[in-house]
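Below: the structure, in structure tokens.
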Amino acid sequence: MNSSTKKLTFLCVSTFFKGNDFMQACKEAGNTVYLLTAKKLENREWVRDSIDEFFFVEENEHGSYDMHNVVAGLAYVMRSRPIDRIVALDDFDVEKAAMLRESFRIPGMGQTTSRYFRDKLAMRTKAAEAGIRVPGFSALFNDAAITEFIQTHPGPWMIKPRSEASATGIKKLHTDSELWDAINSLGDKRHEYLVEQYKPGNVFHIDSLSFNGRVIFSWSSQYIAPPFDVAHGGGIFRSVTVPFDSAEWHALETLTVDVLKAFGMKHSASHTEVIRCHDDGQYYFLETSSRVGGAHLSDMVEAASGINLWKEWAHMETAVARGEDYKLPRPQRNYSGIIISLARQEWPDHAVFQDAEVVWRMNQEYHVGCVVRSESRERVLALLESYAERIRNDFHASAPAPDKSVH
């Protein structure tokens, strides 16, 4: 059997309910698909016709897996069912998948490289070494180093968990005493955090695909309100495509290519965040990941470009495993925007989103939102503003930012 016809087995790892499009495309490509996920997600709406076998893991009291048991269980499985590739479908699975690959010598991203896509301290250190502009930062290992950081980087500051996702666990501090109180409150866990100088500015996300170490697709969008402000201020989540061929579009694309090259990205989807500082107009790298962006941003990207990041990622992974070439479909060029909010109602009435530009509607309890598409960016922005006003009046609810990320 030659490489192009070999039937491959993919083990997908997902701590949260996501990745159906990836697994469906993977199965349609002729692969065997296994899913390793949490036992509590057993009854979710997985694409069961595309999944050959499930492996459920009981989480411990902290919501994590006992990876020793996972390795032992997978070793037993592999006695009779070889596994060719392991794919992490969520941020929290990147390190798990890397550990499993190294344990069983399966090709793909190893533990050292995976740290650049999970550990915010590793990201900033590596980016700075590569000459990529980052906000001033410091580990929380040493008191003298922290004191020097405070003296050389005026506040406010952000304390961030090194390995959480989205805006989870981030705190903004304005005075030296507030910062030290926050650091001391972390106790024995302070080494799991970092401190970063706060840079006020516009925050962007660049959703991309890399193949053979080269970025073959890059799509830039701007958060209308930064994720931190939404999570901690009870705002309404919105994002819109950056103007095509603008200086901003090209600057964001260039920075993303530089980051992914420096971090050793080979084959994956990526979600990268960048801030353009109001004070100096410069672009600063914030963080990246080796997965499809959350909060339904992939639906927004697909609406504008016609590129389904999950499906194309599956096609790429299959091509790499078979030693084949991969060609990205030609992207379209429309503008799109997304708006999402917590809702007071369990199942809000989405009838308010009736404009012809609406191409996707939220279908999740206690959430309301949609994606719009148009050839005009101004039309997208006008719709998002109009819908934000309706949501504020009729649906909007807010909740404290979670201590642990929920997807």
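Small disclaimer: the values here were computed from a predicted structure and weren't measured. Residue numbers start at 1 and run along the sequence shown.
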Does a salt bridge link Arg390 with Asp394, judged by any charged N lying under 4.0 Å from a carboxylate O? no
Could Lys27 and Asp52 be called an ion pair, given the rule that one side-chain N must be under 4.0 Å from one carboxylate O? yes
Working note: Ser221 + Asp207, criterion side-chain hydrogen bond (donor to acceptor under 3.5 Å, both in side chains); need CA distance, chi angles, decisive distance, verdict. CA-CA 8 Å; Ser221 310; Asp207 297 278; 5.0 Å; no
Which value, rounded to the nearest 0.5 Å, describes the distance between Phe56 atom CZ and Glu42 atom CD? 4.0 Å
Trp313 side chain near Val292 side chain, heavy-atom distance below 4.5 Å: yes
Identify the heavy atoms of Ile340 and His367 that sit nearest to each other, and give their distance. CG2-CD2, 4.2 Å
Rounded at 0.5 Å granularity, tell me how far CG in Leu11 sits from CD1 in Ile83. 4.5 Å
Which heavy atom of Asn202 sits nearest to which heavy atom of His278, and what is that distance? OD1-CE1, 3.6 Å
Side-chain (Asn20) to main-chain (Val47) donor-acceptor, under 3.5 angstrom: yes
Which atom of Ser50 lies closest to which atom of Val33, heavy atoms considered: O-CB, 3.4 Å
One should read off an interatomic distance between Ile275 CD1 and Tyr284 OH, to the nearest 0.5 angstrom, of 9.5 Å
Ion pair check, Lys120 and Glu196, cut-off under 4.0 Å: no
Please confirm whether Arg118 makes a cation-pi placement over Phe92, using NZ or CZ under 6.0 Å from the six-membered ring centre and within 45° of the ring normal. yes
Quick one: does Thr125's side chain have a donor or acceptor within less than 3.5 Å of a partner on Ala122's backbone? no
Run the ring pair (Phe, Tyr, Trp, His ring centres under 6.0 Å) check on Tyr223 and Phe237 step by step: do they pass? CA-CA 8 Å; Tyr223 294 117; Phe237 179 80; 5.8 Å; yes
Any Lys/Arg nitrogen of Lys311 or Glu28 sitting under 4.0 Å from an Asp/Glu carboxylate oxygen of the other? no
Find out whether Leu8 and Thr32 are in side-chain contact, i.e. whether some heavy atom of one side chain is under 4.5 Å from a heavy atom of the other. no
Could you verify whether a donor N or O on one side chain and an acceptor N or O on the other, from Tyr335 and Glu378, lie under 3.5 Å apart? no
Just checking, is any N or O donor in the side chain of Asn308 or Ser298 under 3.5 Å from an acceptor N or O on the other one? no
For Leu41, does its backbone N or O pair with a side-chain atom of Trp46 as donor and acceptor, under 3.5 Å? yes
Would you say Val87 and Phe10 make side-chain contact, with heavy atoms under 4.5 Å? yes
By the definition side-chain contact (heavy atoms from CB on, under 4.5 Å), identify the one residue from Asn334, Leu383, Val380 that meets it with Arg373. Asn334
Residue pair Arg276 / Gln282, side-chain donor-acceptor N/O under 3.5 Å: no
Would you please test Glu58 and Lys40 for salt bridge (Lys or Arg N to Asp or Glu O under 4.0 Å) and show each step? CA-CA 8 Å; Glu58 290 283 3; Lys40 66 182 181 183; over 6 Å; no
Is there a side-chain contact between Phe285 and Met123, using heavy atoms and a 4.5 Å cut-off? yes
When you measure from the side chain of Arg85 to the backbone of Pro107, do you find a donor-acceptor pair of N or O atoms at a distance under 3.5 Å? no
Between His350 and Pro348, is there a donor-acceptor pair closer than 3.5 Å when you use the side chain of the first and the backbone of the second? yes
So, are Arg379 and Asp355 salt-bridged, with charged N and O less than 4.0 Å apart? yes
Ser14 vs Asp93 side-chain heavy atoms within contact, under 4.5 Å: yes
Could you measure the distance from the OG atom of Ser114 to the CD atom of Glu102? Nearest 0.5 Å is fine. 7.5 Å
Relative to the ring of Tyr116, is the ring of Phe263 parallel (under 30°), tilted (30 to 60°) or perpendicular (over 60°)? tilted
Is a side-chain donor-acceptor pair under 3.5 Å present for Thr288 with Thr272? yes
Under a 4.5 Å cut-off applied to non-hydrogen side-chain atoms, are Ile183 and Tyr193 in contact? no
I'd like to know whether CD of Glu148 has more than 12 heavy-atom contacts from other residues, nucleotides or ligands below 6.0 angstrom. no
Crowding at CD, Glu45 (>12 non-hydrogen neighbours, <6.0 Å): yes
Does Lys96 make a cation-pi contact with Tyr65, if we ask for NZ or CZ under 6.0 Å from the ring centre and within 45° of the axis? yes
If you measure only the distance, is there a donor-acceptor pair under 3.5 Å linking the side chains of Glu253 and Trp249? no
Side-chain touch Phe217/Phe211, heavy atoms, less than 4.5 angstrom: no
Shortest non-hydrogen contact from Ala304 to Ser336? CB-OG, 3.3 Å
Identify whether NZ of Lys or CZ of Arg in Lys172 sits under 6.0 Å from the centre of the six-membered ring of Tyr198 and within 45° of that ring's axis. yes
Within the distance-only criterion (no hydrogens, no angle test), does the side chain of Asp84 pair as donor or acceptor with the backbone N or O of Thr9 below 3.5 angstrom? yes
Test your reading of the model: is there a side-chain donor-acceptor pair from Ser374 to the backbone of Ser376, 3.5 Å cut-off? yes
So does Gln222 get a backbone contact from the side chain of Ser239, meaning a donor-acceptor N/O pair under 3.5 Å? yes
Salt bridge Lys18-Asp90, side-chain N to carboxylate O under 4.0 Å: yes
Apply side-chain contact (heavy atoms from CB on, under 4.5 Å) to the pair Asn212 and Lys266, showing each step before the final yes or no. CA-CA 5 Å; Asn212 285 339; Lys266 296 301 181 186; over 6 Å; no
Evaluate Glu273 against His271 for side-chain hydrogen bond (donor to acceptor under 3.5 Å, both in side chains), listing each step before the verdict. CA-CA 7 Å; Glu273 300 204 340; His271 176 78; 3.1 Å; yes
Is it true that a side-chain atom of Arg101 and a backbone atom of Met109 form a donor plus acceptor pair closer than 3.5 Å? yes
Step through it carefully: locate the ring centre of Tyr34, locate the ring centre of Phe55, and say whether they are under 6.0 Å apart. yes
Quick one: does Thr113's side chain have a donor or acceptor within less than 3.5 Å of a partner on Gly110's backbone? no
Do we see a donor-acceptor contact under 3.5 Å between the side chains of Asp66 and Asn60? no
Measuring from Glu59:CD to Thr37:OG1, what's the distance to the nearest 0.5 Å? 8.0 Å
We want to know whether His396 and Ser341 form a side-chain donor-acceptor pair, criterion being a heavy-atom distance below 3.5 angstrom. yes
Could you check whether any side-chain heavy atom of Leu173 comes within less than 4.5 Å of a side-chain heavy atom of Met158, counting everything from C-beta outward? no
Between the OG atom in Ser138 and the CD1 atom in Ile150, the distance rounded to the nearest 0.5 Å is 8.5 Å
Would you please test Lys160 and Arg124 for side-chain contact (heavy atoms from CB on, under 4.5 Å) and show each step? CA-CA 12 Å; Lys160 299 183 174 183; Arg124 283 152 179 73; 3.5 Å; yes
Arg214 and Val257: CA distance, side-chain angles, deciding distance, side-chain contact (heavy atoms from CB on, under 4.5 Å) verdict: CA-CA 8 Å; Arg214 186 171 65 89; Val257 168; over 6 Å; no
